[in-house]
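Atom set for the values below is all heavy atoms of this structure, side chains included, hydrogens, waters and symmetry mates excluded. All values reported here derive from a predicted model rather than from experimental measurement.
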Amino acid sequence: MHSAERTAPRDVVIMGGGLAGLTLALQLKQLDAALDVLVLERRAHPVPHAAHKVGESTVEIGAHYFDKVLGLGEHLRGAQLRKFGFRFFFSEGRRDIDQVLEIGASRSLTVPSFQLDRGMFENFLGDAVRRAGVHFVDGALVEQIELAEAQAGPQPLHRLTWRDAAGEHHTAHTRWLVDACGRAGLLKRKLGLAEPNTHEANAVWFRVADRIHVDEWSSDPAWRARCDPPARWRSTNHLVGDGYWVWLIPLASGSHSIGIVADPARHRLTDFNTFEKAMQWLQRFQPRLYDALDGRRAKLQDFAFLRKFSYGCKQLFSPQRWALTGEAGLFLDPFYSPGSDFIAIGNTYIADLIARDRAGERLDLRAGVYDQIVHSFYDSTLTLYRDQYGIFGDPQVLPLKVIWDYTYYWGVLSQIFFHGRLTDIALLGSLRAQFLHGQRLNLAVQDLLRVWAKVSPHTTRAGHLDHAALPWFAELNRSLTDTLDDAGFRQRIAQSVRQMGQLASEIAQLALACDATLDTAPLRAVLADAPADAAPREPLLFAAALEAA
Ligand SMILES: Cc1cc2nc3c(=O)[nH]c(=O)nc-3n(C[C@H](O)[C@H](O)[C@H](O)COP(=O)(O)OP(=O)(O)OC[C@H]3O[C@@H](n4cnc5c(N)ncnc54)[C@H](O)[C@@H]3O)c2cc1C
């Protein structure tokens with residue numbers, strides 16, 4: 001059956017009302033309440049709590065987007081959990097958690113992030129977009145799309161057909177069409193935009209209806225008192241080993257999310273792709289977690305896996321008024337939880353393009369530049385993960401990698417987002433030399449870390465590398481809350497890139513001190529080629545801090 005067609009075209013139709021689609025709808029209405037936005041979501045609302053979707057841990061950009069850009073702080077602070085940063089334990093094969101190296105801050109750093117129960121969040125967002133005047137239809141399956149390019153007429157519109165929960169068919173016409181339907185990738189498939197990458201990793205995950213209290217894994221009072229508050233359980237805890245990591249993420253609904261993510265060259269997916277096999281695998285590789293889960297088997301809520309989860313996309317934004325956001329476009333790797341960051345960035349660009357289109361601006365140039373910028377973020381971020389899983393079990397090299405990756409993330413990408421400069425292409429263009437130098441430094445450091453982990457002794461040791469005790473690192477996090485004019489923003493990027501140079505140089509020294517045969521020449525060549533104001537100046541005394549840990 002086909003209902004009477006609505007003749008008035010929509011301004012925007014968003015296919016998929018998950019995290020990316022619902023937040024984009026909200027952002028659009030906040031920017032322009034007059035926009036007519038339709039969101040079509042396949043699942044019926046309310047969706048279940050806890051065992052709904054992965055994408056539970058946020059980092060600074062995503063958290064800032066939800067909290068400050070969309071103004072959802074009340075829900076985040078009242079209904080979700082404040083995250084106690086990220087935390088890593090070199091706990092492979094060990095039950096004595098207090099005798100392994102721990103990386104993570106002893107107190108919360110300035111900028112908040114949150115653990116999201118995705119079911120609770122999407123239900124909240126569904127209500128919020130309806131209140132904002134969005135036409136949000138749940139239980140609605142998009143079946144066919146016809147893009148405006150394929151149609152005749154002076155003002156061609158995109159056309160799509162969808163089926164509602166009662167099985168009735170509908171047609172919608174729209175000026176803008178956004179694909180936010182996740183891995184279903186409707187537009188990507190239609191336009192052949194899929195772009196595989198060479199990052200091979202697989203994941204399994206499950207939820208248990210109980211808390212996993214990492215803080216209670218040792219009775220040693222000194223170990224327990226390391227963190228203030230003693231609330232490691234609110235961190236995204238990573239239990240790391242060679243070629244894999246295991247996540248522990250608490251959810252506000254009272255459940256805990258657990259995932260195993262591994263490089264198939266070291267750990268085959270078939271070794272842990274059922275709950276029983278995952279438990280056997282944990283018993284061998286992460287026995288302390290196995291102990292915690294063994295008595296909670298009856299509380300298992302779900303189990304899922306995903307083979308080769310990482311992929312790219314040839315194009316995300318088109319001047320022909322279509323766009324892709326969230327996992328409908330690209331996804332990298334959950335190790336540092338960047339999924340929500342890419343939603344924040346993609347949505348901000350889409351909202352900007354739609355606003356400019358409404359103002360009558362041509363989009364040809366701008367849509368292309370935004371696409372290039374996101375792809376450059378994607379390429380840089382991919383280097384953090386690709387061929388890097390061999391580092392994860394290395395207590396010498398991983399601490400450096402984490403510091404390096406975060407210095408780059410907070411120093412450059414986060415500064416652009418927090419200071420609202422994402423769409424200022426003239427300003428970003430004027431900083432091109434700095435950004436390029438940062439990228440080249442990052443590539444050279446990632447290469448060195450990867451080779452270093454192959455020769456380092458992987459010596460385990462007890463201890464705590466406390467990020468809150470690295471003043472420059474804590475300050476870098478805090479600096480995201482500054483208010484900067486253009487001159488201040490330029491100075492900030494130059495300062496960050498200088499800081500990266502200093503850190504890179506100290507990493508090279510540490511690598512050579514560990515193994516004098518390591519080739520640091522490529523990194524030194526990049527360092528020597530720094531733009532005038534990006535040359536390292538002040539030491540970070542990073543090496544000294546590491547020794548003290
Ligand atoms: C193993 C793993 C771990 C991850 N961990 C994290 C993390 O800790 N932190 C983080 O930030 N990110 C993480 N991510 C990424 C995160 O999952 C994504 O960023 C996020 O879920 C993407 O949201 P989305 O809205 O694009 O997709 P989804 O949330 O999947 O939403 C897409 C929606 O489209 C709907 N849909 C599909 N087809 C149709 C159709 N034909 N018609 C109508 N509706 C349709 C679906 O029902 C769905 O609700 C992880 C990803 C993986 C693979």
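- With rounding to the nearest 0.5 angstrom, the CG atom of Leu251 is 11.0 Å from the CZ atom of Arg118.
- Between the side chains of Asp371 and His375, at least one donor N or O sits under 3.5 Å from an acceptor N or O.
- The aromatic rings of Phe88 and Tyr336 sit perpendicular to each other, their planes meeting at more than 60°, with 30° as the lower class boundary.
- Residues Arg490 and Asp486 are not paired through a salt bridge, judged by the lack of any N-O separation under 4.0 Å between the basic side chain and the carboxylate.
- Note that the CZ atom of Phe331 and the OH atom of Tyr378 stand 10.5 Å from one another [nearest 0.5 Å].
- The backbone N or O of Pro319 lies less than 3.5 Å from no partner atom in the side chain of Asp364, so there is not a single donor-acceptor pair.
- Between Tyr409 and Tyr406, the ring planes lie perpendicular to each other; the angle is over 60°, past the 30° to 60° tilted range.
- Thr274 contributes a side-chain N or O that, together with a main-chain N or O of Lys277, makes up a donor-acceptor pair within less than 3.5 Å.
- Taking the ring centroids of Phe392 and His238, they lie at or beyond the 6.0 Å cut-off.
- Here Asp36 pairs with Arg10 in a salt bridge; the nearest charged N to carboxylate O distance falls below 4.0 Å.
- We find the CD-OG1 distance between Gln439 and Thr383 to be 9.0 Å, quoted to the nearest 0.5 Å.
- Residues Arg207 and Glu56 have side chains in contact (heavy-atom distance under 4.5 Å, counting atoms from C-beta outward).
- Formation of a donor-acceptor pair under 3.5 Å by the Asp263 side chain with backbone atoms of Asp387 is not found in this model.
- Ring geometry for Tyr408 versus Trp404: interplanar angle of 30 to 60°, hence tilted.
- Between the side chain of Arg159 and the main chain of His173, no donor-acceptor pair closer than 3.5 Å is present.
- Defined by atom type and a distance below 3.5 Å, a donor-acceptor pair is missing between the side-chain atoms of Gln115 and Ser257.
- The existence of a salt bridge linking Asp333 and Arg386 is excluded, since no basic side-chain nitrogen approaches an acidic carboxylate oxygen closer than 4.0 Å.
- Side-chain N/O atoms of Thr58 and Lys83 include no donor and acceptor closer than 3.5 Å.
- With rounding to the nearest 0.5 angstrom, the OG atom of Ser496 is 5.5 Å from the CG atom of Leu476.
- At a cut-off of 3.5 Å, with distance as the only test, a side-chain donor of Gln446 or Asp405 sits close to an acceptor on the other residue.
- The residues Glu327 and Lys53 are annotated as not salt-bridged, no charged nitrogen and carboxylate oxygen being separated by less than 4.0 angstrom.
- For the atom pair CD1 (Ile345) and CD1 (Ile61), the distance works out to 4.5 Å, reported to the nearest 0.5 Å.
- Remark: side-chain polar atoms of Lys401 are not paired, donor with acceptor, to backbone N or O of Ile403 under 3.5 angstrom.
- Ionic pairing of Asp179 and Lys190 is not present here: no N-O contact between side-chain nitrogen and carboxylate oxygen is shorter than 4.0 angstrom.
- Checked against the 6.0 Å centroid threshold, Phe114 and Phe66 do not count as a close aromatic pair.
- Between His170 and Trp162, the ring-plane angle classifies as parallel under the 30° and 60° cut-offs.
- A heavy-atom distance below 4.5 Å is found between the side chains of Leu330 and Leu316.
- There is a side-chain donor-acceptor pair under 3.5 Å between Gln301 and Ser255.
- With Asp117 contributing its side chain and Ala50 its backbone, the two residues share a donor-acceptor pair below 3.5 Å.
- Ring centers of His199 and Tyr389: under 6.0 Å apart, within the cut-off.
- For the atom pair CZ (Phe377) and CG (Leu332), the distance works out to 12.5 Å, reported to the nearest 0.5 Å.
- The closest side-chain donor-acceptor pair between Glu60 and His64, if any, does not fall under 3.5 angstrom.
- Remark: the backbone N or O of Ala148 is paired with a side-chain donor or acceptor of His158 at under 3.5 angstrom.
- Gln30 places a side-chain N or O within 3.5 Å of a backbone atom of Leu70 that can act as its donor or acceptor partner.
- A salt bridge does not link Asp357 with Arg366: every distance from a Lys NZ or Arg NE/NH1/NH2 to an Asp or Glu carboxylate oxygen is 4.0 Å or more.
- Here Arg43 does not pair with Glu122 in a salt bridge; the nearest charged N to carboxylate O distance is not below 4.0 Å.
- In Arg183, the CZ atom is crowded: over 12 heavy atoms of neighbouring residues, nucleotides or ligands sit closer than 6.0 Å.
- Aromatic ring orientation, Tyr349 versus Phe317: perpendicular (interplanar angle above 60°, classes split at 30° and 60°).
- Formation of a donor-acceptor pair under 3.5 Å by the Arg130 side chain with backbone atoms of Phe136 is found in this model.
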